[in-house]
Engineer: 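One structure, as structure tokens, below. Some questions next.
Residues: numbered from 1 along the sequence shown.
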Amino acid sequence: NIAERLNLYRELDDAKDESELTIFQTNLNDRFGPVPDQAIELIHTIRLRWLAMEIGFEKLLLKNNRLVGYFIQNQNSPYYQSETFTKILKFVQMNARKCKMKENNGKLSLSFESIKSIDDAIVALKPILK
């Protein structure tokens, strides 16, 4: 049912924290039985989105085994003076083999190679903010 599917997508998109995602997944399991891998992957994309927002990415792309996060385009943003951005710079310095930061056409990005899945992307990004 298309309407029901859209309602479920909307409910998933509205989840605000981990407990709401857990409840969403439990409800799916109760209503439809075991949740297929594709649905689990979709739930993980919400976690990845939250992580990307916490890091300060405006846009995140996962394509051809490459993850690229694009930072806030406004170079005068207070974000670039923040503790979060300082952590990112330190992470990049200490992990030069894992990731690369570059600026192209006024867009600052951070990229990772060999990222094959949403789970790989989460594992790559989580240590940045520690």
Side-chain angles (χ1 to χ4, degrees):
N1 181 332
I2 292 173
E4 186 172 0
R5 188 179 311 155
L6 289 174
N7 285 334
L8 288 170
Y9 288 144
R10 194 170 300 120
E11 184 180 337
L12 177 60
D13 192 49
D14 290 344
K16 302 284 187 261
D17 57 31
E18 193 61 42
S19 66
E20 289 184 17
L21 273 186
T22 302
I23 291 168
F24 177 82
Q25 188 170 344
T26 301
N27 288 343
L28 277 182
N29 195 37
D30 290 346
R31 287 174 65 190
F32 305 108
V35 180
D37 290 342
Q38 296 91 336
I40 298 294
E41 189 85 352
L42 186 59
I43 292 168
H44 288 318
T45 62
I46 299 299
R47 290 182 177 102
L48 180 59
R49 182 193 314 161
W50 292 340
L51 184 55
M53 289 171 53
E54 189 177 352
I55 289 170
F57 292 139
E58 281 187 328
K59 182 178 179 182
L60 193 65
L61 292 175
L62 177 57
K63 187 176 179 181
N64 299 328
N65 295 330
R66 187 166 185 247
L67 176 69
V68 182
Y70 294 91
F71 292 98
I72 297 167
Q73 207 164 358
N74 178 2
Q75 294 177 356
N76 297 320
S77 169
Y79 168 77
Y80 290 108
Q81 312 307 317
S82 71
E83 182 181 329
T84 299
F85 191 68
T86 301
K87 284 182 182 180
I88 293 165
L89 292 175
K90 287 180 184 176
F91 178 84
V92 171
Q93 287 174 340
M94 295 177 68
N95 297 278
R97 291 182 181 203
K98 290 183 181 180
C99 62
K100 298 203 180 339
M101 185 178 276
K102 70 178 185 177
E103 185 176 356
N104 191 10
N105 296 329
K107 293 181 182 178
L108 185 64
S109 65
L110 180 62
S111 63
F112 295 81
E113 300 295 330
S114 301
I115 305 295
K116 297 178 175 101
S117 68
I118 300 296
D119 286 339
D120 287 350
I122 291 171
V123 168
L125 294 178
K126 261 193 176 175
I128 290 176
L129 297 176
K130 289 186 179 179

Engineer: Between F71 and F57, how do the two ring planes meet: parallel, tilted or perpendicular, split at 30° and 60°?
Structural biologist: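 Correct class here is tilted.
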
Engineer: Roughly how far apart are S82 OG and I72 CD1, rounded to 0.5 Å?
Structural biologist: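 Atom-to-atom, S82:OG and I72:CD1 are 8.0 Å apart.
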
Engineer: I'd like to know if Y9 and L21 are part of one continuous hydrophobic network [Ile/Leu/Val/Met/Phe/Trp/Tyr, side-chain heavy atoms within less than 4.5 Å].
Structural biologist: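 Yes, same cluster.
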
Engineer: Pairs under 3.5 angstrom only: tabulate donor-acceptor contacts from the side chains of residues 31-44 to other protein residues two or more places apart or in another chain.
Structural biologist:
from	atom 1	to	atom 2	distance (Å)
R31	NH2	E4	OE2	2.3
E41	OE2	I118	N	3.4
H44	ND1	R47	NH1	3.0

Engineer: Tell me whether N64 contacts the main-chain N or O of R66 through its side chain, where contact means a donor paired with an acceptor under 3.5 Å.
Structural biologist: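 Side chain of N64 to backbone of R66, a donor-acceptor pair under 3.5 Å: no, none is there.
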
Engineer: Taking atom CD of E20 and atom CG of D14, what is their separation to the nearest 0.5 Å?
Structural biologist: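 One finds 8.5 Å between CD of E20 and CG of D14.
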
Engineer: Mind checking whether Y70 and I115 sit in one hydrophobic cluster, side chains of I, L, V, M, F, W, Y counted as touching below 4.5 Å?
Structural biologist: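 Each belongs to a different hydrophobic cluster.
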
Engineer: Are V68 and L62 connected into the same hydrophobic cluster when the rule is that any two of I, L, V, M, F, W, Y join if their side-chain heavy atoms are below 4.5 Å apart?
Structural biologist: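 They do not share one cluster, since no chain of ILVMFWY contacts under 4.5 Å joins L62 to V68.
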
Engineer: If hydrophobic clusters are built by linking Ile, Leu, Val, Met, Phe, Trp and Tyr wherever their side-chain heavy atoms come under 4.5 Å apart, do L8 and L6 end up in the same one?
Structural biologist: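 L8 and L6: one cluster.
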
Engineer: Cluster question for you: counting only ILVMFWY and a side-chain heavy-atom cut-off of under 4.5 Å, with indirect links fine, are W50 and L12 together?
Structural biologist: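 Yes, one cluster joins them.
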
Engineer: Look at the side chain of E11 and the backbone N and O of F24, then say whether any donor-acceptor pair between them is shorter than 3.5 Å.
Structural biologist: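 Between the backbone of F24 and the side chain of E11 there is no qualifying donor-acceptor contact (under 3.5 Å).
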
Engineer: List the atom of I122, the atom of L51, and the distance in Å for their closest heavy-atom pair.
Structural biologist: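 The answer is O-CD2, 3.8 Å.
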
Engineer: Verify the neighbour count for atom CG of D13: are there more than 12 heavy atoms of other residues, nucleotides or ligands below 6.0 Å?
Structural biologist: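 Counting other residues, nucleotides and ligands, CG of D13 exceeds 12 neighbours.
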
Engineer: Inspect the surroundings of CD in E103 and state if more than 12 heavy atoms from other residues, nucleotides or ligands are less than 6.0 Å away.
Structural biologist: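 Yes, the 6.0 Å shell around CD holds more than 12 heavy atoms from other groups.
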
Engineer: F112: what forms a ring pair (Phe, Tyr, Trp, His ring centres under 6.0 Å) with it, not counting sequence neighbours?
Structural biologist: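 Here no residue qualifies.
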
Engineer: Quick one: CG on L89 to CD on Q93, what's the gap to the nearest 0.5 Å?
Structural biologist: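 L89 atom CG to Q93 atom CD measures 6.5 Å (nearest 0.5 Å).
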
Engineer: Do you know which of D120, L61, L125 makes side chain to side chain contact (heavy atoms under 4.5 Å, CB included) with L67?
Structural biologist: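 When D120, L61, L125 are each tested with L67, the side chain to side chain contact (heavy atoms under 4.5 Å, CB included) holds only for L125.
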
Engineer: What I'd like to find out is whether the side chain of I128 reaches to under 4.5 Å of the side chain of E54, using heavy atoms alone.
Structural biologist: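 No - every pair of side-chain heavy atoms lies 4.5 Å or more apart.
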
Engineer: How many angstroms lie between atom CD1 of I55 and atom CZ of F85, to the nearest 0.5 angstrom?
Structural biologist: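 Going from the CD1 atom of I55 to the CZ atom of F85 covers 12.0 Å.
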
Engineer: In Å, rounded to the nearest 0.5 Å, how long is the span from CG of L129 to CD of E83?
Structural biologist: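 Output value for this atom pair is 10.0 Å.
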
Engineer: Do the non-hydrogen side-chain atoms of R49 and L60 ever get within less than 4.5 Å of each other?
Structural biologist: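 Side chain of R49 against side chain of L60, heavy atoms only: no contact under 4.5 Å found.
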
Engineer: Might you work through the side-chain hydrogen bond (donor to acceptor under 3.5 Å, both in side chains) test for S19 and D17, ending with a clear yes or no?
Structural biologist: CA-CA 6 Å; S19 66; D17 57 31; 2.7 Å; yes

Engineer: Could you report the tightest heavy-atom contact between N65 and K116, atom names first, then the distance?
Structural biologist: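 Scanning both residues completely, I find the closest heavy atoms to be OD1-CG, 3.4 Å.
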
Engineer: To the nearest 0.5 Å, what is the distance between CD (Q25) and CG (L28)?
Structural biologist: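 Between atom CD of Q25 and atom CG of L28 there are 7.5 Å.
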
Engineer: So do the side chains of S111 and K102 get within less than 4.5 Å of each other, counting heavy atoms only?
Structural biologist: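 No - every pair of side-chain heavy atoms lies 4.5 Å or more apart.
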
